[in-house]
Every structure is written in structure tokens, then in C-alpha cells.
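Worth saying up front: this structure is predicted, and the values here are computed from it rather than measured. Labels below follow one simple rule: chain letters A, B, ... track the order of the sequence lines, proteins then strands, and each chain is numbered from 1.
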Protein chains: 2
Amino acid sequence: MSKKNACCPEIDIPTCCDMRGMLSFLILWLLTKRSMYGQEIAEELAKMRGTKPTPGTIYPALKELRIKGLIKAKKEGKNVIYSLTDSGKNGIDEACKYFCSSFGEIFQEYK
Amino acid sequence: MSKKNACCPEIDIPTCCDMRGMLSFLILWLLTKRSMYGQEIAEELAKMRGTKPTPGTIYPALKELRIKGLIKAKKEGKNVIYSLTDSGKNGIDEACKYFCSSFGEIFQEYK
DNA sequence: TTAAATATATTGGTCACCCAATATAATGCA
DNA sequence: TGCATTATATTGGGTGACCAATATATTTAA
């Protein structure tokens, strides 16, 4: 019924329903902790979700967030360091409130 | 920065990142509470998320869950009552565990 | 100095979700 | 009976997330 992913063998990924659609939210949330470069973000996502997004997933998502003015990029050697803009900080704050009010009930029952 | 939806004026919907991709998960979760017909499910989703899915969203999703054997349908008058199958009960249980382990950290900081 | 490894990036294709628009079936009421 | 309402359902068009494959730039190691 559940799958495992090579990157995170301890996490069971449900097969009944995927939970795509949360990528941009999770990226913004991770960047509230600290600035990170692309592959670092991908690895943090792997730890959380059990699946590491491929380059074809993560880089277009980062590009879109940059175009929307929610994150900014700074090249350092081979890495591109991403961090939240003021608009991104406001946005993720709102989004977290919404997320908690929408999904909080599910947590209450499982904690 | 945030939007309102006619169906639920008290819920602020973030504009920085949508959270699509959780529909099937939420439908299965709602059906752990009680059996419901389509429009009832749509209204419960509106209460949770601030947006009520249109017929073109909810019915294909229900059809897909039925094809996958996760829910079963019983016609009663003009209504179709949906309920979880055993497979659906196992699936949503797994999915809830995954959801809580993946997203729990976000809640911890906002509660 | 050359090869391997790491990080970034794009392309093309699939899928779940989203809506508006349209259609049909069943119910309820005048 | 006939009309409005409610519920179910499909179609077509769009978007974000997803992957595999491919390419380029930078750094590291042999």
C-alpha cells in the first residue's frame, strides 16, 4: 500500500493520494529558517517528504518564486543562494496561518 | 496579499503559493468522519479551505477515487452517498501518518 | 591539466487539480 | 402538470508539480 523512496528509506509514501501542490509553500517555509542554495533546499525537502525533487522540478519552481518577487538569488561560486524577500516573508506568514487553520484538525487527531 | 472567496469570507487565502494537490487526501479524510454525498463533501471542503470545489473538480476526483477502489458509491434519490472502502481506510490512515510526519514541524511553530 | 563530481538550468511529457460552461436526473412546490 | 431547485456528471482549457533526459558551468581531485 505504501512506497519507499531511495533517498529516504525510513519514510513511507502513501499511494492512495499524492500531495503535490505544496512545493512552493515548503520552499518558502524552509527559507524562513535560513538562506540555502538549490540542492540544499532539495535535500531538506527530501528529509521532510521522503522524495527529493529532481532538477527539472526544483529549478523551475525557484525561478517562478523569483519572478514573483518572493525570493532573491545570489550567485556564490557554483551555488546560487536563495533567501526570502520582504514580500516572501509576508507571503509565507499568511500561508502558514492558512495552512494551520485548514489542516490543523487533521493534526489534532493524530498527535 | 491575500484573497477572500465568496463562499467563506472569514478565510484568507494566500496568494504566494496555492496548495492544490491535497483534494483527494482531504476527501478521504472527510469520509473517515461519516458517509457523505458529493455536495456535502464540497461544502465541508469549503469550510476547511475557504474555497468550494466546482462540480468539474469534485466529481472527477470522486470518480477517480472510486476507480482506485478507495471509496464506494450508493445512489439514494438524487444523491450519491460516498463512503470509504477497507482499502480506502488503510490508505487514508497511512496518508495521515505521512502528512503529520511531513508537515508536523510547520504546525509546531504556529500553535 | 585533465577527469570526475557538484550545482544549476532547460525541454518535453504526464498527471492532479482548478474553473466555466453545459447537460441530465431527481425532487419539490405552485 | 410544469417550473425551479438541487445534485450529479462531462468537456475543454489552463496551471503547478512531477520526472527523465540533456546541457552547461564551476569546483575538486587525480
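Residues from residues 27-47 of chain A that place a heavy atom under 4.0 Å from any atom of DNA chain D: there are none.
C/dA9 atom C1' lies 14 Å from atom CG of A/N79, rounded to whole Å. For A/R66 and D/dG16, the CZ to P distance is 16 Å, given to the nearest whole Å. The CD1-P distance, from A/I58 to D/dA20, rounds to 15 Å in whole Å. In this structure, CD1 of A/I13 is placed 13 Å from C1' of D/dC18, rounded to the nearest angstrom. In this entry the distance linking CD1 of A/I67 with C1' of C/dT10 reads 13 Å, nearest Å.
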**OP:** Starting at the 5' end of nucleotides 25-30 of chain D, put B wherever the base has a protein heavy atom under 4.0 Å, S where only the sugar-phosphate does, and a dash everywhere else.
**Re:** -SS---
Subject >> Protein proximity profile, nucleotides 14-22 of chain C - base contact B, sugar-phosphate-only contact S, no contact -, cut-off 4.0 Å on heavy atoms >> reply: -BSBBBB--
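Residue pairs satisfying the side chain to side chain donor-acceptor pair (under 3.5 Å) criterion with at least one member in residues 60-70 of chain B, sequence neighbours excluded, are absent. The salt bridge (Lys or Arg N to Asp or Glu O under 4.0 Å) analysis of residues 10-23 of chain B, with sequence neighbours excluded, yields the pairs B/K4-B/D12, B/D18-B/R20.
Expressed to the nearest 0.5 Å, how far CG of B/L65 lies from OG1 of B/T85 amounts to 9.5 Å.
Taking a cutoff of 4.0 Å between a charged side-chain nitrogen and a carboxylate oxygen, B/K47 and B/E44 qualify as a salt bridge. A salt bridge links A/R34 to A/E40: one of the charged nitrogens lies within less than 4.0 Å of a carboxylate oxygen.
Remark: aromatic rings of A/F103 and B/F107 are distant, center separation not under 6.0 Å.
Between B/D93 and B/T32 there is no side-chain heavy-atom pair separated by less than 4.5 Å.
By the side-chain hydrogen bond (donor to acceptor under 3.5 Å, both in side chains) test, B/N79 pairs with no residue at all, sequence neighbours left out.
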